[in-house]
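The first residue of the sequence shown is numbered 1, and numbering continues consecutively from there. Values reported hereafter were calculated over all heavy atoms of this structure, with side chains retained and with hydrogens, waters and symmetry mates removed. First listed ligand is number 1; within each ligand, the first listed atom is number 1.
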Amino acid sequence: MKHLRILAPFLFLSLIRDQTANRDDLRPTCRRCDLHHSCNCSFGGFTHVPMVTDQALSLDLSFNNITMVTQDDLMGHSQLRALDLHGNGLAEIHPSAFDSLWSLEELDLSDNQLKFLNPKWFNKLEPLKHLNLINNPYSFLGSPSLFLGLSRLRRLMFGGPDLKELRREDLSGVTHLEELTVQANNLDRYDAGTFGDIWPLGHVTLSLHGPFLTNPALAAAMLNDVSYPETQLTLSDLRLAHNVSVQPFKDSINIIRYLSLHNVSLSDEACGFLLALLDGVPLRSLSLVGLTLTGEGRWVAANQTDLSSMDEFFASDVIILDILKFAMDSEIQYLVQHQKKLSIINSKLFLLSCYITKKMVNTLYLDVSDNLLTDLTLSYMLCDNDETLQELRVSALNLRNLPIEKMLSIYFPLGSLKVLDLSYNDLKEFVLTLPILRELHLSGNKFLRLPAGGPYHNLQTLMIQSNTLNTFSLSDLQSYRRLENLEAGHNKFVCSCGFVTFLRSQLTGSGDVKITDKHQTYVCDSPLYLQGEAVSHVSLSIIQCQPVLFVSVSCGVALLLGILVAGLLWRCHAFWFLKMTWAWLKATRSSQRRRRNRNTEESDPLLSFDAFVSYSEEDASWVENLLVPEMEEPSDSDSESPTSPLTLCLHKRDFLPGHWIMDNIMSAIERSRRTIFVLSENFVQSDWCRYELDFSHFWLFEAGGDAAILILLEPLSKDDVPKRFCKLRKLMSSTTYLEWPQDEERRPEFWRSLRNALRGDNEQEN
Ligand SMILES: *[C@@H]1O[C@H](CO)[C@@H](O)[C@H](O)[C@H]1NC(C)=O
Ligand SMILES: *[C@@H]1O[C@H](CO)[C@@H](O)[C@H](O)[C@H]1NC(C)=O
Ligand SMILES: *[C@@H]1O[C@H](CO)[C@@H](O)[C@H](O)[C@H]1NC(C)=O
Ligand SMILES: *[C@@H]1O[C@H](CO)[C@@H](O)[C@H](O)[C@H]1NC(C)=O
Ligand SMILES: *[C@@H]1O[C@H](CO)[C@@H](O)[C@H](O)[C@H]1NC(C)=O
């Protein structure tokens, strides 16, 4: 998915490009530029130089089909530093095509079809540092010199299969090169001294197949021109078959210190003569890469060769054609007894006998990686007298577990070892006491955990990438007392919380040990949902890291919160309020229903009682024995004027049995003109009274009248009423109330007032 998204712009671009390419101007556009203004238009199928932003600093047009560069193609690219036209069928370049490239430092025109090189191309390219003209079909460089104005040139590559001649002036203007590469496999003519003016000269690579075979004098002249003690000389594509073919070295070999031969085939005869030439020369380093030995190893003629100056011998990819006949006798010992650094890599070496290794008394560094040595043959090679070796590299040999350990410790004390490379073997464990070891390479094995650091007091660098490490911890690292650098990417990490936390702190550099490989290579292998994620990007929540703690803490918190909320609710009487609200809603609805019904059936009397009496059960006796008789059956003696009886509604007496009490209260209040609240301590304690009060209040509100009458049975101030009965408190402060006198004398007056209050509006209405 990600890839698709990345590809999408390119697909889109190529669509645009194809369309524009079909237009007349034939100038397609390439927009594959990154943030650093580096434009990679490689493999774009362009047949013309595409239009690219003027901001481009580097432009890669390699592997397209651009056959010509016109005058205008690169106009305006004054900031361009690098231009790569490698691998196009480029045959024609306008003389002033590069004129506007004032900043160009690198130009690659290699692998094209340029038959002629034009000095005018480079006229304006004064800052040019790197120029690659290799592998084009030109047969000469042409005069005047192409490079006259290029005083800053440091890397120059030219030549090709068609290059026939190099004349004295061809390289005028070239003075100081870090690197010179010339492909001159078919060179016929070389004017001595052509390369002679180039100095200093860092690294020279000459492909001189033909000259070595057919024109040793020409090859010798070239070698002589580039041979300096500090110059590294690489010769490639040679076939040295007989005594004559090594003659070109004859003079220069006494000067050369660093010689490499790449892609060279060597017969026994040539080898013998070459070794004879090397006798006593100051050559310090000889490197053979891609050497094919065609003979049988009979170099007896050169058995006296003195290579005491040679510090380093490096051989890699050596092929012995006639391996079955090859008999490199013990004479080889003289080849290996002086080098400090000896490498024989990827050369199908299957045995290096103890007899030879015993001669390697000066060898500090030995690399026999990537050969056919096994645990067994390696044990023949490592004899018990080697106390000098400081660096041993036995990588990629298919070494398994125990044998190497056993073998190394028995046959090869290795007490002097500072660097040990056992990478890319099959090791699972490794225990060897190497007190002065500084570097240990264990990458590409099968370690499940870091080896204990105890036996490596001085280890500073540990490489253990691409194993099967699941995890490692701070204490693992601390067991190495001096460890500074660790590379442990590409393992199968189990991303536990502890590991992720630890590793991330290490990656950010907070530990003593520096993790020196790329942080993205530390990837989780498990758990499954993190597979493939970089450890540095993984974020594990506390739920995953401390599940028990998390659950217990959150349960505790939840419980506490619950208790708190419950307490708070209780304290605020929320349950009570809820109950009330619900009841109120329900009652309101049924009240509305009732009223609707009443409106339709006119027959129902609107008001049946003068007052509904709301009282607490405890005050029932007062209500029944005093209030009711006094109101419903007034005694005439009590008053001068006759009083008509009033009808009271008492829940005990007048409520319809079988109805919900709330409905009863509601309807009683609705059917009563007034509501009398008999207030007492008991009243405020009783919820039922509360409902009544609320409904009366609701009714009051609805009716808009002064329908509530408060009777205080006992002295009760507003503050005695609990706060939650806010309506009652409000009522008490807004409505005048009648106090039940304890004094009998004053009671008739009380009844009178009450009666008046109950009648008041009624009379007005009438
Ligand atoms: C440029 O792009 C080509 C293919 O589009 C790719 O193969 C090449 O690696 C890229 N070069 C660089 C330097 O990214
Ligand atoms: C370049 O053109 C040749 C034929 O002219 C064609 O075979 C080749 O595929 C083209 N290459 C690219 C990269 O378009
Ligand atoms: C090696 O050199 C031979 C000539 O001796 C040449 O034909 C061959 O292409 C070269 N191989 C490489 C990989 O350069
Ligand atoms: C080189 O070998 C040839 C025969 O193959 C021989 O005639 C000639 O003398 C030898 N040259 C040297 C310098 O040994
Ligand atoms: C070298 O070979 C010659 C014969 O070619 C022989 O006389 C001499 O003893 C040999 N030297 C060594 C050190 O093998």
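- For the pair Lys115 and Tyr138, the cation-pi criterion (under 6.0 Å, within 45° of the ring axis) is not fulfilled.
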Any protein N/O atoms within less than 3.5 Å of an N/O atom in ligand 3? List the atom names and distances, or say none.
{"from": "ligand 3", "atom 1": "2 (O)", "to": "Asn263", "atom 2": "ND2", "distance (Å)": "2.3"}
{"from": "ligand 3", "atom 1": "5 (O)", "to": "His209", "atom 2": "ND1", "distance (Å)": "3.0"}
{"from": "ligand 3", "atom 1": "5 (O)", "to": "Asp237", "atom 2": "O", "distance (Å)": "3.4"}
{"from": "ligand 3", "atom 1": "11 (N)", "to": "Asn263", "atom 2": "ND2", "distance (Å)": "2.7"}
{"from": "ligand 3", "atom 1": "14 (O)", "to": "Asn263", "atom 2": "ND2", "distance (Å)": "3.3"}

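- Those atoms of ligand 1 that come under 4.0 Å of a heavy atom in Arg32, given as number and element, are 5 (O).
- Taking the six-membered ring where tryptophan is involved, the planes of His86 and Phe63 are perpendicular, since the angle between them exceeds 60° and thus also 30°.
- Between Phe158 and Phe195, the angle of the ring planes goes over 60°, which puts this pair in the perpendicular group of the 30/60° scheme.
- In this structure the side chain of Val226 reaches within 4.5 angstrom of the side chain of Leu201, judged on heavy atoms.
- Per the SG-SG cut-off, Cys39 and Cys30 are not bridged by a disulfide [distance not under 2.5 Å].
- In summary, the side chains of Asp370 and Tyr424 do not present any donor paired with an acceptor at a separation below 3.5 Å, with no hydrogens or angles considered.
- Just one residue in the list Ile256, Leu259, Leu307 forms a side chain to side chain contact (heavy atoms under 4.5 Å, CB included) with Leu286, and that residue is Leu259.
- Backbone and side-chain nitrogen or oxygen atoms of Asn40 are examined, and one is located within less than 3.5 angstrom of a nitrogen or oxygen of ligand 1.
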